[in-house]
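By convention here, the first residue in the shown sequence is residue 1. Everything numeric here is computed off the predicted structure, so don't read it as measured data. Just follow the structure's listing: the first ligand is 1, and inside any ligand the first atom is 1.
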Amino acid sequence: MNDNGHPDNTFLDDIAEVLITEEEIQARIAELGAQISADYSGMSPLLVGVLRGVFIFMADLVRTITIPIHVDFIGITRYGPSTRTQGVVRFTKDMDICIQGRHVLFVEDVIDTGLSLRYILRTLETRYPASLRVCTLFNKPRTRLFDLEPAYTGFMLPDRFVVGYGLDYDERYRNLPFVGILKEDAITQRRLPIGTQT
Ligand code: IMP
Ligand code: MG
């Protein structure tokens, strides 16, 4: 049983609607990988992702890239009065690879308000990368609080909370191979706590 009182093997029943299928996601990632391989040919870019949501996208994306790359991850925590629209971003894990003089492609699962990404990009810019661009699988432009234009976008999403393909609700559903909307009754009273890790 999980802490909502449901047997854990019924978590597929929590999905009200599949928004993007596994096949659609994989086909789009193959296109992104081909584009990145062409654009960064001869540059050996460094792909940097934010744990934990991006781990599945990163794993699939790098396997569609046909040029030499390096991969690194950072961890952040957002905390404050409302994790959606305000709050403070703090690194919980910094990069292991030095980005000075490197062509850095920052890989995100989803850009919502853009708060986390703005903080991260500002920090990375102070470390003198040769270039710094963003690849996001999902983009929710309607909720954007800051002006951010990713160089690569997988899918535009409506302003709805989604789960699956790395994205969680209360740390669950990351392992669904598609992206979907949760049923109302799967969403508990529990709000994202202070100190929420993405
Ligand atoms: P932002 O700073 O508002 O752009 O927040 C981005 C982060 O919020 C993502 O990396 C996710 O961890 C989380 N997030 C935003 N929208 C969703 C969603 O629909 N489902 C699950 N997580 C989300
Ligand atoms: Mg999350």
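In this structure, Val163 does not count as a contact residue of ligand 1, since none of its heavy atoms falls inside 4.0 Å of the ligand. At least one heavy atom of Arg160 sits less than 4.0 Å from an atom of ligand 1.
Expressed to the nearest 0.5 Å, how far CZ of Arg172 lies from CG of Leu182 amounts to 9.0 Å.
Ile29 approaches Thr64 most closely through the heavy-atom pair O-OG1, 3.5 Å.
Close contacts between ligand 1 and Glu108 involve ligand atoms 10 (O) [criterion: under 4.0 Å to a heavy atom]. Near Asp168, meaning under 4.0 Å from one of its heavy atoms, ligand 1 places the atoms 21 (C). Heavy-atom proximity to Val162, at under 4.0 Å, picks out these atoms of ligand 1: 18 (C), 19 (O), 20 (N), 21 (C). Near Lys140, meaning under 4.0 Å from one of its heavy atoms, ligand 1 places the atoms 16 (N), 17 (C), 18 (C), 19 (O).
No donor-acceptor pair closer than 3.5 Å links the side chain of Ser41 to the backbone N or O of Ala38.
When only interatomic distances are considered, the shortest N/O to N/O separation between Gly114 and ligand 1 falls below 3.5 Å. Any N or O atom pair closer than 3.5 Å counts here, and Leu167 shares no such pair with ligand 1.
For atom 13 (C) of ligand 1, the nearest non-hydrogen atom from the set Val54, Ile76, Thr136, Val110 belongs to Val110.
Surrounding CZ of Arg127 are more than 12 heavy atoms belonging to other residues, nucleotides or ligands, all under 6.0 Å away.
In summary, Lys183 and Glu17 do not engage in a salt bridge, as defined by a charged side-chain N under 4.0 Å from a carboxylate O.
For residues 92-130, the set of pairs meeting the ring-ring contact (aromatic ring centres under 6.0 Å, His included) definition, not counting sequence neighbours, comprises Phe91-Tyr119.
In Asp109, the part holding a heavy atom less than 4.0 Å from any atom of ligand 1 is the side chain.
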Going through the distances and angles, do Tyr152 and Asp39 end up as a side-chain hydrogen bond (donor to acceptor under 3.5 Å, both in side chains)? CA-CA 11 Å; Tyr152 307 94; Asp39 294 350; 2.6 Å; yes
